[in-house]
Structures are given as structure tokens and as C-alpha cells.
Number of protein chains: 2
Amino acid sequence: MAEPRWLDDRQSRAWLGYRRMRLLLDAQISRDLHRDSGLSDADYDVLSALTARQDRRWRLQELADRMLWSKSRLSRHISRMEERGLVSREECATDGRGAVIVLSEGGWRAIQEAAPPHVESVRRHLIDLLTDEQLDALGDISDIVLSNLASDDA
Amino acid sequence: MAEPRWLDDRQSRAWLGYRRMRLLLDAQISRDLHRDSGLSDADYDVLSALTARQDRRWRLQELADRMLWSKSRLSRHISRMEERGLVSREECATDGRGAVIVLSEGGWRAIQEAAPPHVESVRRHLIDLLTDEQLDALGDISDIVLSNLASDDA
DNA sequence: TAGCGCTCGTTGACATGTAAACCAAGTTCG
DNA sequence: CGAACTTGGTTTACATGTCAACGAGCGCTA
């Protein structure tokens, strides 16, 4: 490889800033979530995905795809959430191999209670700190990066 | 709690975009790093921190503070890196309890070889996709979020 | 319809993170 | 000085993630 194109000051500030923000912001929001509702990030994401469906149920594989998780990760996590009464497994009527993940009554209550303080936390640590222009810039950047990654895959 | 202040479209786009970008971008850059040089993100961060010092050595606690890692995490990670010949431990001359982490010759070579393709990966998936204005916006956002978190602590 | 290959979900073996207990070495203060 | 407290690092117990192998069921095709 020829002399690498190192990052200049502006680029370096953006990259290091992003990395450190990611490290600290996510940790803080996770801590808030866990303190306020006893849920982990992963728990919250699973419960959110389940409520996004009217019948509050997903096939395991579909849910894993949507969340960009491995099947194995989701299967293990569902087992733990099942023990805590947040979700349950049912057999799939149309596929003997299938597992259907269902939001339980307890899971519904948990996400209902967790959501308001979680939104407040996200606002306090990120959203309410930014101008509309900055929010748009963050949305734009995410779109650009994500569509670039998607085109890599193809 | 009164009716929560849910996120509007602009805010929601920024937040969900950030979350998904973080998930996919970091995974991709980690994969590239591991494929190109056999190092994990954590390995790379430790080696980078060590090279930032002229004498290429840090007290364990100081290094943990700088990286925002727990002592226990760093201690374990150093043990694994030690087995691979990337770093070594030395006793501390001024504090009998202390451990000094030293970059080894192998670690120096590893980071030298890893850095150029890593920078390319960061450029390809993030930096080179953005305009100067977007880079500045990302830097600004990070600064705002980080200084807000710092003031929370105080 | 029998066989073969693929998919679905689970699991075993292992990598890595956290929280808390622990030991040893410093430090403070009567 | 010396007991009590603090600090630095390691370790134990456990939580959670990955990869690869597995068993069971689906479905194409000969």
C-alpha cells in the first residue's frame, strides 16, 4: 500500500467525536433505561419490535432479520426474556419447525412503563440538545452511510 | 408522568438513523479490521493508545481511564493480548501494586500494518461519503453531546 | 413417494464483558 | 509506629454474544 491517506483535522474530529459519542451516549442511555425500568437495550428493542405488529407476534427468523441479530442471539435472548415473563414461545401453525415469539401481558406492561422515561432520556442526552439543522444533518448522514453499506452488500 | 413528549418525524429520523448507523457501520468497520489485520476493535484501541505515548507504556489504571474501560475489562484484555505477543506487563518502579502495560515489538508491527487499511475502511464507509459541512456537523454534534454528558457527571 | 438438500431453531464450546470480592501495597492519622 | 482506610490490579461468578454443528421438518424432483 502506498502512503495512506491519513485523516486531516476536520475528518479526524468527526471520526473521533463519533466514536466517543457512541461510547458514552449509548452507555448513558442504557444505564438510564436499566435504572428506570429494569430493561436492557436488547430487551427494549425486542419489545418495541413486537409492539410494532398488531398481533404482537413474530416468527423468530423474521424478527432476527428485522433487528439485524443472529438467530442464535435472538433465540438465547428470547429464552431469558421468557423466564422473566416478558414474552412467550408458541408453535407455528404452518411450519412444524417454526417458533413464534409472542408479547405477553407482562411484556406489554413493561414496554408501556419503560417508553416514557426512555424517550425523556434520549431527549435529555441527545435530541433536545440539537437544532433542527443538526437533527436533519444527523438524519442525512445516517441515510448516506446506510445506503452506502447496502450497496456494498449488493 | 404526564403524556410523554414523543419524538416528531425529524427527531425520530435522527434517532433511529443514528441507532441503525451505529449498529451497521461499526460492525462493518470491525469486520474489515479483523479481516485485514486480525485485530479486534478493542485490540486496535489498546495499541493506538499505547503508541500515543513516546515510551509506549501506560499504567493499567490510567489507560483504563483514558479508554473509558473498567479496570477488570482492561486487565483481562491485556492478558489475552499478552498471550499473542502484542503487549507485555512490567512491574511499576514507584508503586509495588502497579502494572505497567508496554507495547511490544510485535504490537508495534501489528498496529503499523493495521492502520493504513483501517483508515481506508473508515474513509470508504464514512468519511469520504460526507461533505465538509457534514463532517463539521458531526463534530459539532459530538462535542455538544459529550460536553452535556460531562456536565451531568459534575 | 422416496430421497436429497435446504431452512428453522436450538445448542455446545468458547470469547468477551460486568459486578463484586479479594489480596497486597500504599496512605493517613492518633 | 501501627491500625484503619484507600487504592491498584486480579480473579471469581455470571451475563451475554459468536460460530459451528446438530436434529427436525419442509419441499423439490426424479
Side-chain angles (χ1 to χ4, degrees), chain A residues 22-24 26-35 38-47 49-50 57-84 86-102, chain B residues 22-24 26-35 38-47 49-50 57-84 86-102:
Chain A
R22 191 198 59 138
L23 186 61
L24 289 181
D26 297 350
Q28 184 61 53
I29 291 179
S30 292
R31 260 196 307 277
D32 286 354
L33 178 63
H34 194 269
R35 170 173 46 76
L39 298 176
S40 69
D41 260 39
D43 297 333
Y44 191 92
D45 288 346
V46 169
L47 295 176
L50 287 170
R57 60 183 58 220
W58 283 89
R59 280 292 292 276
L60 190 141
Q61 177 75 278
E62 287 180 295
L63 184 53
D65 289 345
R66 175 193 163 99
M67 299 181 68
L68 305 170
W69 282 20
S70 67
K71 285 182 304 180
S72 119
R73 177 182 183 185
L74 184 57
S75 176
R76 289 181 186 288
H77 201 84
I78 291 298
S79 299
R80 291 189 293 261
M81 292 180 74
E82 209 173 3
E83 285 169 13
R84 294 192 288 148
L86 298 171
V87 300
S88 58
R89 278 185 169 90
E90 289 182 7
E91 290 180 2
C92 178
T94 59
D95 187 335
R97 299 163 301 180
V100 178
I101 315 305
V102 186
Chain B
R22 191 196 59 131
L23 185 62
L24 289 181
D26 297 351
Q28 184 62 52
I29 291 179
S30 291
R31 259 196 306 279
D32 286 354
L33 178 63
H34 195 268
R35 170 172 45 76
L39 298 176
S40 68
D41 259 38
D43 296 333
Y44 191 90
D45 289 346
V46 169
L47 294 177
L50 286 170
R57 60 183 58 218
W58 282 89
R59 280 291 291 276
L60 189 141
Q61 178 76 277
E62 287 181 296
L63 185 54
D65 289 345
R66 175 193 163 98
M67 297 181 70
L68 305 170
W69 281 19
S70 67
K71 287 181 303 181
S72 132
R73 177 180 183 186
L74 184 57
S75 177
R76 290 181 178 291
H77 203 85
I78 292 297
S79 299
R80 291 189 292 263
M81 292 179 74
E82 210 174 1
E83 284 170 12
R84 295 192 287 148
L86 298 171
V87 300
S88 58
R89 276 183 169 91
E90 289 182 8
E91 291 179 2
C92 178
T94 60
D95 187 334
R97 298 164 302 182
V100 179
I101 315 305
V102 186

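Every chain is numbered from 1 and lettered A, B, ... according to where its sequence line falls, protein lines coming before strand lines.
Here the CD1 atom belonging to B:Ile78 is positioned 6.5 Å from the CG atom belonging to B:Leu50, to the nearest 0.5 angstrom. A distance of 9.5 Å separates SG in B:Cys92 from CZ in B:Arg97, rounded to the nearest 0.5 Å. Here CG of A:Leu74 is found 6.5 Å from CH2 of A:Trp69. Values are rounded to the nearest 0.5 Å.
In this structure, A:Arg31 places its CZ atom 13 Å from C1' of C:dT18, rounding to the nearest Å. When the P atom of C:dA15 is taken as reference, atom CG of B:Asp43 falls 14 Å away, rounded to whole Å.
Contact check, B:Arg84 against C:dA15: no side-chain N or O comes under 4.0 Å of OP1 or OP2. Distances shorter than 4.0 Å separate none of the side-chain N or O atoms of B:His77 from OP1 or OP2 on C:dT16.
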Heavy-atom protein contacts under 4.0 Å, nucleotides 2-11 of chain C, coded B base, S sugar-phosphate only, - none: -----BBBBB

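With 3.5 Å as the limit, one finds a donor-acceptor pair spanning the side chains of B:Asp43 and B:His77.
Residue order along DNA chain D, read from the 5' end via each residue's closest nucleotide, puts A:Trp69 first among A:Gly96 and A:Trp69.
Partners of B:Arg31 by side chain to side chain donor-acceptor pair (under 3.5 Å), not counting sequence neighbours, listed by chain and number: B:Gln28.
Without hydrogens or angle criteria, A:Asp32 side chain to A:Ile29 main chain gives no donor-acceptor distance under 3.5 Å. With hydrogens and angles ignored, the 3.5 Å screen pairs no side-chain donor or acceptor of A:Trp58 with any backbone N or O of A:Val102.
The residues B:Arg59 and B:Asp95 are annotated as salt-bridged, a charged nitrogen and a carboxylate oxygen being separated by less than 4.0 angstrom.
Nucleotides of DNA chain D with any atom under 4.0 Å from a heavy atom of chain A span, from 5' to 3', D:dT16 to D:dC26.
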